[in-house]
Asks: 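Okay, here's the structure, questions in a sec.
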Amino acid sequence: MSMNPGLTRTPLRRVLDYAVLSVLAFIFALPVIYLFIGSLKPSDEVLNGLSGFLPTNLSFDNYTAVLDSLNSDSTGYFWRFMGISLLLAFVVVTGGLIVNSMAAYGLSRLKWRGQNAVFTLVLLLMLIPFESVAVPLFYMFNDQRNTLPILALPFIANAFSVYQFATFFRTIPPSIEEAARIDGAGPWRTFFAIIIPMSKPAFASVAILTFLMQWGSFLWPVLMVSDPSVRPLPLEMSVFQEQLPPDWGQILAFGVLLVLPVLIVFLFFQRWFVQGVASSAVKG
């Protein structure tokens with residue numbers, strides 16, 4: 001059985017592919033490298049062009065300065081801002097995985113009248129940006145401003161997450177559910193005992209993307225938060241960098257502290273996330 005010549009690669013072609021991908025990966029990583037190095041340098045050496053990449057005069061003074069400057073009742077507490085962001089992300093991610101996966105299972109695996117129309121509506125909702133409904137939501141929930149639940153609830157149900165789950169669920173062979181039905185399992189037991197264990201890549205992908213969107217959420221907190229006691233971390237960073245004169249070393253250190261939870265979440269779900277991307281590429 002001969003292989004398609006178009007699918008085979010010579011060693012030279014493989015080396016060139018990896019070389020190009022490595023260069024592109026390095027270019028995309030440059031801002032992150034600059035962020036980490038700049039966070040360890042004195043403020044007057046941060047904005048020095050390409051010399052900002054040189055690892056000179058490195059220390060953790062910027063990090064200690066950030067934590068010390070946000071450690072009082074007048075300025076607020078850094079770890080409180082971090083805790084609020086983590087709590088909001090946990091509620092949105094956990095609630096979203098439950099709500100959106102169950103909605104997707106009903107749309108993709110169960111048969112009921114109007115199923116296709118509802119799924120089409122979900123697809124149409126993906127085309128509506130949050131910015132277009134932010135102001136109406138602001139007036140609708142104005143009485144609940146400066147409360148943690150209102151910062152999380154509008155983002156639990158997500159049309160894109162429903163679409164991701166539904167697309168993955170439709171790749172599961174129907175024979176598996178038929179066998180479970182023969183064994184006496186109903187829809188709920190089938191979903192929790194069979195579908196969820198088989199869908200770890202989909203859950204990891206949705207969890208990471210949802211966490212990224214929630215962690216970097218800025219517009220909604222700007223509209224709904226005026227009390228520093230419920231201020232999430234991205235909103236606090238915008239307040240921190242407006243201080244005069246700006247200390248760019250501390251600002252970059254704040255940025256690193258803001259990015260670290262995202263890296264930790266990605267590394268935790270990396271294996272299943274890569275599986276989900278790979279399976280989607282193959283099925284596509």
Side-chain angles (χ1 to χ4, degrees), residues 25 28-29 31-32 35-36 39 78-105 122 125-126 128-131 133-134 137 147-169 195-225 230-238 240 252-281:
F28 282 108
V32 180
L35 173 68
F36 279 95
S39 69
F78 177 85
W79 298 113
R80 180 179 178 86
F81 301 135
M82 174 73 80
I84 290 174
S85 291
L86 290 173
L87 176 62
L88 293 175
F90 175 80
V91 171
V92 172
V93 171
T94 304
L97 291 178
I98 296 173
V99 172
N100 297 316
S101 63
M102 293 175 65
Y105 182 70
V122 171
L125 290 175
M126 293 171 53
I128 302 176
F130 176 76
E131 290 77 7
V133 298
L137 286 175
T147 61
L148 292 179
I150 201 59
L151 293 177
L153 290 178
F155 303 99
I156 291 179
N158 184 278
F160 182 64
S161 297
V162 173
Y163 171 75
Q164 285 183 291
F165 276 122
T167 303
F168 188 90
F169 290 162
I195 300 299
I196 290 181
M198 295 181 62
S199 305
K200 289 181 180 179
F203 276 84
S205 300
V206 173
I208 290 177
L209 296 177
T210 303
F211 182 86
L212 287 175
M213 290 186 290
Q214 175 59 33
W215 188 257
S217 177
F218 183 77
L219 175 60
W220 188 240
V222 166
L223 293 175
M224 302 302 293
V225 173
V230 292
R231 186 182 292 163
L233 200 57
L235 183 56
E236 175 57 28
M237 183 175 183
S238 71
F240 182 83
L252 293 187
F254 202 126
V256 172
L257 294 173
L258 183 64
V259 169
L260 280 179
V262 178
L263 295 178
I264 294 172
V265 169
F266 177 77
L267 292 175
F268 183 79
F269 289 103
Q270 179 184 15
R271 180 164 61 93
W272 297 291
F273 179 74
V274 173
Q275 290 178 3
V277 173
S279 62
S280 298

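Nothing fancy with the numbering, it's 1 onward along the sequence. Reckoned from all heavy atoms, side chains included, excluding hydrogens, waters and symmetry mates. Computed from a predicted structure; not experimentally measured.
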Asks: Side chains of Ser199 and Phe169, heavy atoms from C-beta outward: is any pair under 4.5 Å?
Replies: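 They are in contact (side-chain heavy atoms under 4.5 Å apart), so the answer is yes.
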
Asks: So, for Pro232 and Leu88, which heavy atoms are closest and what is the spacing to 0.1 Å?
Replies: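 Smallest interatomic distance, heavy atoms only, reads CB-CD1, 4.4 Å.
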
Asks: Can you measure from CE (Met237) to CG (Leu235) and round to the nearest 0.5 angstrom?
Replies: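 Between atom CE of Met237 and atom CG of Leu235 there are 12.0 Å.
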
Asks: Counting distance only, does the side-chain N/O of Ser85 pair as donor-acceptor with the main-chain N or O of Met82 below 3.5 Å?
Replies: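 It does not hold such a pair.
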
Asks: Which value, rounded to the nearest 0.5 Å, describes the distance between Phe240 atom CZ and Phe81 atom CZ?
Replies: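 If we round to the nearest 0.5 Å, Phe240:CZ and Phe81:CZ are 11.0 Å apart.
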
Asks: When rounded to the nearest 0.5 angstrom, what is the spacing between NZ in Lys200 and CZ in Phe168?
Replies: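 Here the interatomic distance stands at 11.5 Å.
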
Asks: At their closest point, which heavy atom of Leu252 faces which heavy atom of Leu35, and how far apart are they?
Replies: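 Here Leu252 and Leu35 meet closest at O-CD1, 3.5 Å.
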
Asks: Find the distance between CZ (Arg80) and CD (Glu236) and round it off to the nearest 0.5 Å.
Replies: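 Reported value, rounded in 0.5 Å steps: 12.0 Å.
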
Asks: Measuring from Leu97:CG to Ile196:CD1, what's the distance to the nearest 0.5 Å?
Replies: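 Output value for this atom pair is 9.5 Å.
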
Asks: Verify, without hydrogens or angle tests, whether Thr210 (side chain) and Ala207 (backbone) share a donor-acceptor contact under 3.5 angstrom.
Replies: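 Such a contact is absent between Thr210 side chain and Ala207 backbone.
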
Asks: Less than 4.5 Å apart, side chain to side chain, heavy atoms only: is that true for Met224 and Leu151?
Replies: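 Touching, per the 4.5 Å side-chain cut-off.
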
Asks: Go through it in stages, so that I can follow the logic: the residues are Phe211 and Val92, the test is side chain to side chain contact (heavy atoms under 4.5 Å, CB included), and I'd like the CA-CA distance, side-chain angles, deciding distance and then a yes or no.
Replies: CA-CA 8 Å; Phe211 182 86; Val92 172; over 6 Å; no

Asks: Just how far is it from atom CD1 of Ile195 to atom CZ of Phe203, taken to the nearest 0.5 Å?
Replies: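 So the CD1 of Ile195 and the CZ of Phe203 are separated by 9.5 Å.
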
Asks: What donor-acceptor contacts under 3.5 angstrom involve side-chain atoms of residues 215-222, with partners at least two apart or in another chain?
Replies:
unit_1	atom_1	unit_2	atom_2	d
Trp215	NE1	Leu258	O	2.7
Trp220	NE1	Ile150	O	2.9

Asks: Can you list, pair by pair, the side-chain donor-acceptor contacts under 3.5 Å of residues 152-162, counting residues two or more places apart and other chains?
Replies:
unit_1	atom_1	unit_2	atom_2	d
Asn158	OD1	Phe160	N	3.0
Asn158	OD1	Ser161	N	2.9
Asn158	OD1	Ser161	OG	3.4

Asks: State whether the number of non-hydrogen atoms from other residues, nucleotides or ligands found under 6.0 Å of Phe90 atom CZ is greater than 12.
Replies: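 No - once you tally the heavy atoms of other residues, nucleotides and ligands closer than 6.0 Å, there are 12 at most.
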
Asks: Counting neighbours of OH on Tyr163 that are heavy atoms of other residues, nucleotides or ligands and sit closer than 6.0 Å, is the number greater than 12?
Replies: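 No, because the 6.0 Å sphere around OH of Tyr163 holds 12 heavy atoms or fewer from other groups.
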
